[in-house]
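Please read the structure below before turning to the comments.
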Amino acid sequence: MASTPQLTLIVPAYNASECIRTCLDDLLAQTFTDFNVLLMDDGSTDTTAAIGDEYACRDARIQVVRLPHGGVSAARNKGLELADSRFVAFMDSDDRVAPDYLATFFRTPLPDDDMLVCQGVAIDYIGQYRAEYCDYPDTDSTDLAGTIVRHRLLRAGWTYCKLFSLRMIRRHSLRFDTELSICEDLVFVLDYLSHVRRLILRSGTHYRYQVCPDGKSLSQRRQPSAETRRAGVLILARQQALAARFGITDREFLSEIYCEHGFMNLARSASTGNAADSRAVRRELARHRELFNNYYNERLMCHPIVGKKTLRMYLALPEALHLLPHLLIRLRHFIRRVNGRRIRY
């Protein structure tokens with residue numbers, strides 16, 4: 001193996017002692033070997049770092065980096081700072097990968113710059129004995145608009161299953177937003193896509209994303225209203241800019257991308273916030289009024305508490321009456337609790 005590897009795999013981990021051995025075993029079983037692993041221990045209070053040290057003693061490609069607890073974005077950013085390779089990829093410490101996962105990225109020679117490589121994913125619902133699969137046909141294209149729309153790429157915001165050019169990340173000073181703990185990966189991917197000139201898709205679903213049934217996954221937990229609101233605003237701005245850059249006009253596709261994360265996060269913010277947060281949601285909806293009127297589709301954004309009528313109330317009522325939709329949302333939460341139904345945020 002060359003002294004500078006082709007790939008650095010960045011694996012943030014926080015209190016991951018139950019799963020980190022499986023993660024590292026999967027990586028050491030890869031058929032592609034020209035890589036190293038930065039295990040970013042995010043201030044764990046269990047034995048995650050010690051287990052990492054055990055594996056680092058067995059294989060020089062593994063390096064454990066101990067950090068004070070600062071969140072997944074800070075851990076990934078430190079990994080980007082330390083990486084020394086042509087490409088970088090990311091993996092969650094509780095996920096699984098098949099032996100051909102990394103080799104799939106390098107199935108054909110790759111350019112050093114201005115590109116993004118994506119492959120499919122298998123989403124495992126732990127305890128439910130079911131899985132969903134997102135796969136792509138082998139594609140190498142400079143037709144960015146056509147490829148993005150055809151394969152719904154602006155919706156696939158996860159950082160796993162993607163190969164990034166480290167040179168491009170550093171040239172454009174791309175980083176994860178440390179003020180977000182939800183959708184920070186999508187914001188990063190959208191920022192990266194704004195500089196891409198070539199999209200390469202690889203067939204295969206060698207990455208297994210594990211979904212916990214008990215709400216342990218971060219995306220299933222209640223997030224601060226201001227944070228989800230900010231995520232929605234950042235995502236809408238970046239998606240609009242990319243649609244303009246690539247000349248994307250497909251109405252159905254634009255409805256999908258704006259609703260799934262942008263308007264959905266504004267709805268989450270309204271669902272979890274107090275009266276002041278409700279006022280802030282109203283201001284953001286008013287600022288995006290034209291986008292909302294043109295592209296909002298309730299079929300594509302099924303929030304159990306905040307639907308189209310509630311969001312339209314924010315737009316229709318004067319600011320002095322913004323508390324009415326807020327009180328309606330609180331009433332719906334109360335009814336769900338009384339009926340013993342799970343509160344979804």
Side-chain angles (χ1 to χ4, degrees), residues 1 5-67 69-80 82-83 85 87-106 118-127 131 133-134 158-164 176 181 184-185 188 204-214 216-220:
M1 189 178 72
Q6 289 264 23
L7 169 65
T8 297
L9 195 67
I10 298 171
V11 184
Y14 176 69
N15 288 348
S17 59
E18 293 183 4
C19 55
I20 195 63
R21 289 184 185 276
T22 303
C23 171
L24 294 175
D25 285 339
D26 283 356
L27 293 178
L28 294 183
Q30 294 297 298
T31 57
F32 177 87
T33 60
D34 193 5
F35 70 94
N36 65 352
V37 177
L38 292 178
L39 177 59
M40 313 303 294
D41 180 66
D42 185 28
S44 296
T45 57
D46 63 2
T47 58
T48 298
I51 294 170
D53 289 338
E54 174 190 326
Y55 276 77
C57 290
R58 288 166 41 190
D59 195 308
R61 292 175 298 173
I62 295 176
Q63 177 184 349
V64 180
V65 181
R66 287 172 166 79
L67 302 170
H69 184 54
V72 65
S73 291
R76 287 172 177 157
N77 286 341
K78 186 63 176 179
L80 290 174
L82 296 175
S85 54
F87 305 103
V88 292
F90 301 91
M91 181 177 177
D92 290 349
S93 60
D94 56 350
D95 291 340
R96 303 291 308 273
V97 289
D100 289 336
Y101 171 60
L102 295 180
T104 299
F105 285 126
F106 297 93
C118 307
Q119 59 174 290
V121 60
I123 303 173
D124 280 340
Y125 292 86
I126 306 301
Y133 296 88
C134 170
W158 50 73
T159 51
Y160 51 84
C161 298
K162 293 180 173 66
L163 188 73
F164 302 89
F176 289 86
S181 61
E184 78 292 333
D185 48 357
F188 178 84
T205 53
H206 303 295
Y207 191 104
R208 305 196 73 85
Y209 175 70
Q210 316 267 38
V211 179
C212 300
D214 54 4
K216 288 183 179 179
S217 296
L218 188 61
S219 59
Q220 296 174 276

Flag side-chain contact, heavy atom, 4.5 Å: D92 against Y207: yes
Interatomic distance, D26 atom CG to R96 atom CZ [nearest 0.5 angstrom]: 4.0 Å
Side-chain donor or acceptor of S85 paired with backbone N/O of T8 under 3.5 Å: yes
Minimum side-chain heavy-atom gap L7-F106 below 4.5 Å: yes
Heavy-atom side-chain proximity of L38 to Q63 below 4.5 angstrom: yes
Contact check, side chains of F176 and V72, non-hydrogen atoms, under 4.5 Å: no
Over all atoms of both residues, closest heavy-atom pair of D185 and W158: OD2-CA, 3.7 Å
Test side-chain hydrogen bond (donor to acceptor under 3.5 Å, both in side chains) applied to R58 - qualifying residues, sequence neighbours left out: none
Flag, side chain of T48 to backbone of S17, donor-acceptor distance under 3.5 Å: yes
D53 with R66: basic N within carboxylate O range, under 4.0 Å: yes
is_close_aromatic(F164, F188), centroid dist under 6.0 Å: yes
Exercise: identify the closest heavy-atom pair between A29 and P99: O-CB, 3.7 Å
Closest contact, heavy atoms only, M40 versus G79: CE-N, 3.6 Å
Heavy-atom donor-acceptor pair, Q30 side chain to L102 backbone, under 3.5 Å: yes
Distance in Å, C19 SG paired with I51 CD1, rounded so as to fall on 0.5 Å steps: 9.0 Å
Check: Y209 main-chain N/O paired with D95 side-chain donor or acceptor under 3.5 Å: no
Shortest non-hydrogen contact from C134 toward T205: O-CG2, 3.5 Å
Within-4.5 Å side-chain heavy-atom neighbours: I62 and L27: no
Pair Q119-L163, side chain to side chain contact (heavy atoms under 4.5 Å, CB included): steps then yes or no: CA-CA 9 Å; Q119 59 174 290; L163 188 73; over 6 Å; no
Centroid separation F35 to F105 less than 6.0 Å: no
Over all atoms of both residues, closest heavy-atom pair of G52 and L24: CA-CD1, 4.4 Å
T45 vs N15 side-chain heavy atoms within contact, under 4.5 Å: yes
CG on D59 to CG on L28, rounded to 0.5 Å: 5.0 Å
From CG (D42) to CG (L67), nearest 0.5 Å: 6.5 Å
For Y14, ring-ring contact (aromatic ring centres under 6.0 Å, His included) partners two or more places apart: H69
Close side-chain approach of R21 to Y55, heavy-atom, < 4.5 Å: yes
Smallest separation among heavy atoms of P5 and D34, with atom names: CA-OD1, 3.3 Å
Interatomic distance, M91 atom CE to I10 atom CD1 [nearest 0.5 angstrom]: 13.5 Å
Test side-chain hydrogen bond (donor to acceptor under 3.5 Å, both in side chains) applied to Y101 - qualifying residues, sequence neighbours left out: none
Gap between atom CD of E18 and atom OG1 of T47 - 0.5 Å precision: 9.5 Å
